[in-house]
Amino acid sequence: MSCKIDYQPASNLLENRVVLVTGAGDGIGRTAALTYARYGATVILLGRTIAKLERVYDEIEAEGGPQPAIFPLNFEGATLKDFHDMAETLDKEFGRLDGLLHNAGLLGKITPFEQYNPELWEQVMQVNINGPIWMTQALLPLLQQSADASVIFTSSSVGRKGRAYWGAYSVSKFATEGFVEVLADELENQSTLRVNTLNPGATRTQMRRTAYPGEDPLTLRTPEEIMPTYLWLMGPDSVGISGQKLDAQPPRV
């Protein structure tokens, strides 16, 4: 589905909504958290580095946004109990969840498969697909309490067509695409909850610099420039859109 780069959101698009963003400490996650707060959302900042989350928290408060919340969690070591404890805490604090952006991710290593370290492979799969799946399962009851909750899983072009040397990262994104198809199909005609994948595309982030060290970052869109699609998909204007593979920017030529 085409991107919504020209989407013009209402200033109160996310007013009174509770939105959880994973990987909220920097990069696209930080920008999404700040952007959602600017449009009225109470944002739950989830990440593994408390100092980074605190900086984002302070930025939201300085801008006069709704008071955010911080939830430290590292997907690498997270257990099912951690996810269910989190759901219990969020239930007590908020009673529902209107949005969930799965943004946290691990690149792993770009290398031939025959040289891929099995432990690193497991680590990438845990952070990119296993953790998000079980977190989603734990949060489903809270998401079902919302009138029109949206769950966004971050995908990638290498999760839609395999590319040499991208190893576990590519495979984890294929798994993400498949999981979203399964869950969206299960929810169809049974729930107002919608779930989609979103490929941010080539964006000026640290992960992109690591993957493409020779690339000029100034040729890439910034995280701020791709936020229109993130807003559209999180807000009520995308009600009824589920099980789709979306792009946050046009393909590069």
Side-chain angles (χ1 to χ4, degrees), residues 3-15 17-73 75 98-107 127-128 132 150-157 173 176 196-212 215-235 237-238 246-250 252:
C3 62
K4 294 284 183 180
I5 201 78
D6 297 324
Y7 175 64
Q8 300 289 326
S11 61
N12 63 344
L13 181 79
L14 302 177
E15 195 172 28
R17 292 185 179 234
V18 181
V19 177
L20 171 62
V21 177
T22 76
D26 51 27
I28 291 172
R30 170 187 170 275
T31 300
L34 290 168
T35 302
Y36 289 156
R38 286 175 191 137
Y39 284 86
T42 297
V43 182
I44 302 162
L45 307 166
L46 186 143
R48 62 184 180 180
T49 308
I50 294 176
K52 289 182 179 181
L53 299 177
E54 287 176 339
R55 282 196 289 270
V56 180
Y57 182 105
D58 290 343
E59 284 185 79
I60 292 172
E61 290 241 298
E63 291 184 3
Q67 185 178 18
I70 288 178
F71 204 100
L73 187 130
F75 275 116
D98 302 295
L100 170 57
L101 170 60
H102 283 295
N103 168 78
L106 192 62
L107 178 64
V127 172
N128 291 2
S150 175
V151 179
I152 305 170
F153 280 84
T154 301
S155 187
S156 168
S157 59
K173 296 305 181 180
T176 297
N196 296 281
T197 64
L198 181 57
N199 169 25
T203 310
R204 206 180 302 172
T205 63
Q206 181 58 52
M207 183 184 285
R208 180 77 184 188
R209 283 193 293 275
T210 302
Y212 296 93
E215 185 177 57
D216 179 3
L218 295 180
T219 64
L220 307 176
R221 280 187 167 90
T222 63
E224 288 79 9
E225 289 175 300
I226 64 171
M227 282 299 115
T229 308
Y230 282 77
L231 283 164
W232 173 76
L233 202 48
M234 190 58 76
D237 290 335
S238 61
L246 296 131
D247 297 298
Q249 58 178 295
R252 305 183 84 199

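What you see below is based on every heavy atom in this structure, not just the backbone, and it leaves out hydrogens, waters and symmetry mates. All residue numbers refer to positions in the sequence shown, counting from 1.
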Student check: side-chain heavy atoms of [X] and [Y] closer than 4.5 Å:
| X | Y | value |
| --- | --- | --- |
| Glu15 | Pro66 | no |
| Val21 | Tyr230 | no |
| Val19 | Tyr39 | no |
| Asp6 | Pro228 | no |

Any salt bridge (Lys or Arg N to Asp or Glu O under 4.0 Å) involving residues 62-71? Give me the pairs, sequence neighbours left out, ordered by first then second residue.
-> Arg38-Glu63
Are any side-chain N or O atoms of [X] and backbone N or O atoms of [Y], one a donor and one an acceptor, separated by less than 3.5 Å?
| X | Y | result |
| --- | --- | --- |
| Thr154 | His102 | yes |
| Gln67 | Thr42 | no |
| Thr22 | Ala104 | yes |
| Asp98 | Val18 | yes |
| Asp237 | Trp232 | no |
| Lys52 | Ala24 | no |

Mind listing the closest non-hydrogen atom pair of [X] and [Y] along with its distance?
| X | Y | result |
| --- | --- | --- |
| Gly235 | Leu14 | CA-CD2, 3.8 Å |
| Phe153 | Pro132 | CE2-CB, 3.9 Å |
| Ala37 | Ile60 | CB-CG2, 3.7 Å |
| Leu231 | Pro9 | CD1-CG, 3.8 Å |
| Ala33 | Leu45 | CB-CD2, 3.5 Å |

Can you tell me how far [atom2] of [Y] sits from [atom1] of [X], rounded to the nearest 0.5 angstrom?
| X | Y | atom1 | atom2 | answer |
| --- | --- | --- | --- | --- |
| Asn199 | Leu246 | CG | CG | 10.0 Å |
| Asn196 | Ser150 | CG | OG | 6.5 Å |
| Leu198 | Leu233 | CG | CG | 6.0 Å |

For Ile152, which of Asn103, Thr229, Leu101 qualifies under side-chain contact (heavy atoms from CB on, under 4.5 Å)?
-> Leu101
With sequence neighbours left out, write down each residue that passes salt bridge (charged side-chain N to carboxylate O under 4.0 Å, His left out) with Glu59, or none if nothing qualifies.
-> Arg30
Evaluate the side-chain contact (heavy atoms from CB on, under 4.5 Å) criterion for residues Ile226 and Ile28: first the C-alpha distance (whole Å), next the side-chain angles of each, then the deciding distance (0.1 Å), finally the verdict.
-> CA-CA 9 Å; Ile226 64 171; Ile28 291 172; 4.1 Å; yes
